[in-house]
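Below, read A as the first sequence line, B as the second, and so on, with proteins coming before strands; counting in each chain starts at 1. We use all heavy atoms of the structure for the numbers below, so side chains are in, but hydrogens, waters and symmetry mates are not.
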There are 2 protein chains.
Amino acid sequence: MSSVSSRTQLVHKSTNHLPATLRDVADLAGVSTKTVSRVVNHQKEISEATRLRVQAAIDQLDYRPNILARSLIHQRSNTLAVIAWGIDYYGPSRTIVGIEQEANELGYSLFLSLVSHPTDNHEQILDTLISRRVEGIIWAIPEVGDNRKWIRTNHLDQLPPVVFLTMESRRGISVVSIDNRNGAKQAVRHLLQLGRRKIGIITGPLAWWEASERFAGWQEALAEAGLEASPSLVAKSDDWSSVYGECGMRALLEQSPDIDAVFASSDQIALGALGIAHQLGRRVPQELAIVGFDNTPESAFFWPPLTTIYQQLVDVGGIAVKTLHEMISARRSEREPLQQLSTMLKPELVIRASSLEQNIAPSFHLE
Amino acid sequence: MSSVSSRTQLVHKSTNHLPATLRDVADLAGVSTKTVSRVVNHQKEISEATRLRVQAAIDQLDYRPNILARSLIHQRSNTLAVIAWGIDYYGPSRTIVGIEQEANELGYSLFLSLVSHPTDNHEQILDTLISRRVEGIIWAIPEVGDNRKWIRTNHLDQLPPVVFLTMESRRGISVVSIDNRNGAKQAVRHLLQLGRRKIGIITGPLAWWEASERFAGWQEALAEAGLEASPSLVAKSDDWSSVYGECGMRALLEQSPDIDAVFASSDQIALGALGIAHQLGRRVPQELAIVGFDNTPESAFFWPPLTTIYQQLVDVGGIAVKTLHEMISARRSEREPLQQLSTMLKPELVIRASSLEQNIAPSFHLE
DNA sequence: ATGAAAGCGCTAACAT
DNA sequence: ATGTTAGCGCTTTCAT
């Protein structure tokens with residue numbers, strides 16, 4: 001092969017950025033490609049002398065095996081992909097952290113694809129990822145409206161294994177979620193235990209599964225206590241931001257002036273609600289208790305510090321990747337996956353001063 | 001090739017998940033692989049009749065070209081990688097959003113690699129990415145201590161093109177940054193213009209380039225005004241969190257009880273500082289003005305709303321990818337890149353009520 | 001307009 | 001202990 005020597009000679013010219021190949025190394029070391037391959041893959045059947053000689057050539061040429069070629073042969077890319085929305089929000093970004101950690105742990109590289117809106121078309125993203133032969137996909141776009149109806153239309157078994165995040169469990173698909181309904185229930189039960197009876201809610205955008213679940217949790221907790229989930233206790237939001245916390249709080253105080261607690265569907269909403277409560281002179285928590293959802297780092301420093309619901313989103317990401325890995329292994333060995341492939345985690349109540357008066361430092365009182 | 005027909009027959013068995021190949025399609029359509037290739041790549045020299053027949057076979061087999069094989073031939077993977085820290089923080093995550101958008105725009109897929117700490121070892125990550133033949137790398141790990149000394153040790157020209165984020169510009173490397181020093185100056189000048197004269201600072205972790213730049217900006221702005229940057233006006237932090245806002249504010253009020261303004265090096269720090277100011281009964285901004293840095297979405301809803309510095313971090317990400325693309329193209333065509341490959345963006349001051357009394361809604365006052 | 005053959009960089013199977 | 005051959009799935013000459 002005449003190309004060989006010429007390439008080898010070029011390698012150290014600064015204008016040549018073609019990476020060295022197995023052939024280059026083999027020629028420089030005066031052995032066959034298979035021998036080099038043995039060294040690279042740490043196989044034992046090789047004499048120490050040649051191993052050293054080959055290693056020297058590898059170092060000299062700064063040789064790196066081409067994973068693309070390897071993947072072709074092995075029919076394995078060792079890559080996963082996550083398709084996500086909103087990584088500039090706390091929750092989604094935490095989930096990605098968990099996904100990346102576990103993927104790395106299991107030896108996968110991770111492709112990241114983002115959509116601007118949960119309802120954006122994702123066909124092209126999917127096409128590209130399939131063409132790249134990713135071995136599995138984590139679907140981290142929140143379920144909004146019917147943006148997952150394609151699961152039925154498009155036959156999932158023509159895709160690589162997929163794990164869905166944050167949705168209702170369904171037969172035949174793998175889902176990893178936080179139990180949002182339970183989280184909301186915990187929040188409202190906590191308020192009930194404190195003796196509150198007029199408990200309002202500022203919802204998230206109700207087309208979102210998470211928002212509607214939290215709403216349902218609020219309703220169920222009130223029902224348990226024999227209280228009515230009257231419409232005058234509800235303020236709806238178009239998104240999760242603090243703006244709707246402000247609007248929602250104003251609306252609630254107008255609709256139900258005697259309200260004594262509010263469950264805000266996100267910490268950001270809670271922040272907006274707190275601001276309005278202060279402006280309108282309602283003391284928190286004495287006259288009005290407020291609970292949020294997310295446990296963002298800032299929430300502990302709100303004024304007063306916010307009682308909220310902690311979601312184990314890093315865990316969700318990690319479990320999603322483990323699940324995906326299991327599905328991949330199962331499909332490869334043509335066996336059925338062994339275990340239950342959907343997981344639902346119960347979030348945890350974090351009690352702070354926005355609901356529990358005792359938690360307020362003395363100097364924190366206003367009066 | 002005898003393997004062909006057997007594979008084709010298997011394709012629709014549910015246990016067979018081997019993707020269809022060009023060969024499979026060619027055999028089904030009764031043409032050569034080259035002809036299929038022409039259809040897939042939308043080349044013109046083909047009769048409409050065969051094109052349709054081939055397309056039918058493609059659809060039937062759900063064929064997707066294998067990008068791995070293509071990449072091998074073209075010596076191009078069409079992938080970029082970002083190595084990042086802290087995507088669960090607002091700033092870094094915004095940058096990633098910009099990177100992903102622009103990468104997608106330019107036709108690259110994006111690998112995401114995360115490190116837990118800025119000083120973590122990254123050798124292995126780099127090795128993997130090079131083996132995957134990524135065409136370029138965005139270095140989004142903040143500069144902390146000497147965690148970038150490897151740039152000199154390791155010869156950068158043995159790597160794919162790299163763009164560094166958030167550091168001092170240096171000859172021979174491409175950097176995209178926000179001018180943190182200028183941002184801090186804008187914040188402090190704003191306070192000076194409001195007539196404040198005892199302006200303290202709560203720094204970030206000073207081993208970080210961004211933190212030390214903001215600190216330097218504070219010093220320079222004071223110097224411009226002929227004021228002394230006395231140590232009693234400085235409180236140092238170990239990280240960017242609100243805890244240090246609390247500690248720092250306490251320390252400052254003790255060291256300099258007559259302080260009339262504080263520049264907090266992050267919005268989170270500012271949040272902690274605000275809390276302590278309230279606890280200790282200092283009215284913000286009347287007695288004590290506070291300015292933050294980042295313009296997180298929450299900062300507009302702090303109490304009072306926070307004056308802060310807006311960083312165009314999505315833009316930083318986008319520019320980084322554009323720069324990288326330019327470097328890749330230049331290297332491929334063996335020409336020198338045409339333009340200046342480092343960029344420094346000036347952040348913007350966002351004025352809210354924590355510094356400017358007029359900005360406070362009347363009902364917002366406490367007295 | 002279509003096809004045959006070579007080869008991208010690597011590994012697996014089978015020599016020697 | 002080491003080398004030879006074939007081929008992963010695709011594209012690229014170069015034929016026809």
Side-chain angles (χ1 to χ4, degrees), chain A residues 1-4 6-8 11 18-55 57-58 61-78 130-133 135, chain B residues 1-4 6-8 11 18-54 57-58 61-78 130-133:
Chain A
M1 206 151 291
S2 65
S3 69
V4 173
S6 62
R7 288 204 62 229
T8 329
V11 158
L18 289 178
T21 70
L22 259 198
R23 262 251 71 80
D24 298 331
V25 177
D27 290 345
L28 182 59
V31 296
S32 74
T33 58
K34 176 64 212 177
T35 303
V36 181
S37 174
R38 285 200 176 92
V39 174
V40 172
N41 295 298
H42 305 101
Q43 290 165 354
K44 279 288 120 196
E45 326 128 309
I46 202 167
S47 78
E48 187 59 13
T50 41
R51 207 194 62 72
L52 285 175
R53 198 149 39 88
V54 170
Q55 189 57 55
I58 288 176
L61 297 179
D62 197 29
Y63 168 77
R64 319 277 184 137
N66 184 327
I67 296 192
L68 270 44
R70 233 179 229 174
S71 298
L72 246 194
I73 297 171
H74 289 157
Q75 309 267 54
R76 293 202 53 171
S77 65
N78 277 289
I130 296 172
S131 269
R132 290 206 179 272
R133 298 295 187 266
E135 298 187 33
Chain B
M1 206 150 291
S2 65
S3 69
V4 172
S6 62
R7 289 206 58 230
T8 327
V11 156
L18 289 179
T21 70
L22 259 198
R23 262 249 73 81
D24 298 331
V25 178
D27 290 346
L28 182 58
V31 297
S32 75
T33 59
K34 174 63 211 178
T35 302
V36 181
S37 176
R38 285 200 176 92
V39 174
V40 172
N41 296 297
H42 305 101
Q43 290 165 355
K44 280 287 121 197
E45 325 127 312
I46 201 166
S47 77
E48 187 59 13
T50 39
R51 207 193 62 72
L52 285 176
R53 195 148 40 87
V54 170
I58 289 176
L61 297 178
D62 196 29
Y63 168 77
R64 321 276 184 138
N66 184 327
I67 296 194
L68 270 43
R70 233 179 227 175
S71 298
L72 245 195
I73 298 171
H74 288 155
Q75 310 267 54
R76 292 203 56 172
S77 65
N78 277 289
I130 296 173
S131 268
R132 290 207 179 272
R133 296 296 187 268

Q.
Side chain of S47(B) only, heavy atoms from C-beta on: which candidate in dG9(C), dT2(C), dG3(C) is closest?
A. dT2(C)

Q: Could you check how far NE2 of H74(B) sits from P of dG9(D), rounded to whole Å?
A: 17 Å

Q.
Under the criterion side chain to side chain contact (heavy atoms under 4.5 Å, CB included), I'd like the reasoning laid out for N78(B) against I67(B): C-alpha separation, chi angles, the key distance, then a yes or no.
A. CA-CA 9 Å; N78(B) 277 289; I67(B) 296 194; over 6 Å; no

Q.
Of the listed nucleotides (dC10(C), dT11(C), dA4(C)), which one gets closest to any side-chain atom of T33(A)?
A. dT11(C)

Q: Between R38(A) and Y63(A), name the one whose nearest nucleotide on DNA chain C is closer to the 5' end.
A: Y63(A)

(Q) Rounding to an integer number of Å, can you tell me how far R51(B) CZ sits from dT2(C) P? (A) 12 Å

Q. Checking R53(A) side chain against A29(A) main chain: does a donor-acceptor pair fall under 3.5 Å?
A. yes

Q. Between Q43(B) and L72(B), which has a closest nucleotide on DNA chain D that is more 5'?
A. L72(B)

Q. Rounded to whole angstrom units, what separation is found between the CG atom of N78(A) and the P atom of dC10(C)?
A. 16 Å

Q. Could one point to a donor on the side chain of R23(A) or the base of dG7(C) with an acceptor on the other under 3.5 Å away?
A. no

Q: Report yes if a donor N or O on one partner sits less than 3.5 Å from an acceptor N or O on the other, where the partners are the side chain of R64(A) and the base of dG9(C); otherwise report no.
A: no

Q: Work out which heavy atom in S77(A) is nearest to a heavy atom in R132(B); give both atom names and the distance.
A: O-NH1, 3.0 Å

Q. Hey, which of these two, A69(B) or K34(B), hits DNA chain D nearer its 5' end, going by closest nucleotide?
A. A69(B)

Q) Between Q75(A) (CD) and dC10(D) (C1'), how many Å, whole number? A) 13 Å

Q.
For dG3(D) and S32(A) - does any side-chain N or O of the residue sit under 4.0 Å from the phosphate oxygens OP1/OP2?
A. yes

(Q) Need one value for I73(B): base, sugar-phosphate or nothing, where a base atom within 4.0 Å counts as base even if backbone is also close, heavy atoms only. (A) base

**Q.** Options dT2(C), dG9(C), dA12(C), nucleotide nearest the side-chain atoms of N66(A)
**A.** dG9(C)

Q) CZ of R133(A) versus C1' of dC8(D): gap in Å, rounded? A) 12 Å

Q) NA contact type, T50(B), heavy-atom cut-off 4.0 Å: base, sugar-phosphate, or nothing? A) sugar-phosphate

Q) Ignoring hydrogens and geometry, is there a side-chain-to-backbone donor-acceptor pair from N66(B) to L68(B) under 3.5 Å? A) yes

Q. To the nearest Å, how far apart are D24(A) CG and dC10(C) C1'?
A. 13 Å

Q | Pair R38(B)-V31(B), side chain to side chain contact (heavy atoms under 4.5 Å, CB included): steps then yes or no | A | CA-CA 11 Å; R38(B) 285 200 176 92; V31(B) 297; over 6 Å; no

(Q) The side chain of N41(A) is closest to which nucleotide in this list: dG3(D), dC8(C), dT11(C)? (A) dT11(C)

Q | Spacing of L68(A) atom CG relative to dG7(C) atom C1', expressed in whole Å | A | 16 Å

(Q) Please report the distance, rounded to the nearest Å, between CG in L22(B) and P in dC10(D). (A) 4 Å

**Q.** Inter-residue atom distance R51(A).CZ - T35(A).OG1, 0.5 Å rounding
**A.** 13.0 Å

Q. OP1 or OP2 of dT11(D) sitting under 4.0 Å from any side-chain N/O of R70(B)?
A. yes

Q) Would one find a side-chain N or O of T35(A) under 4.0 angstrom from OP1 or OP2 of dT2(D)? A) no

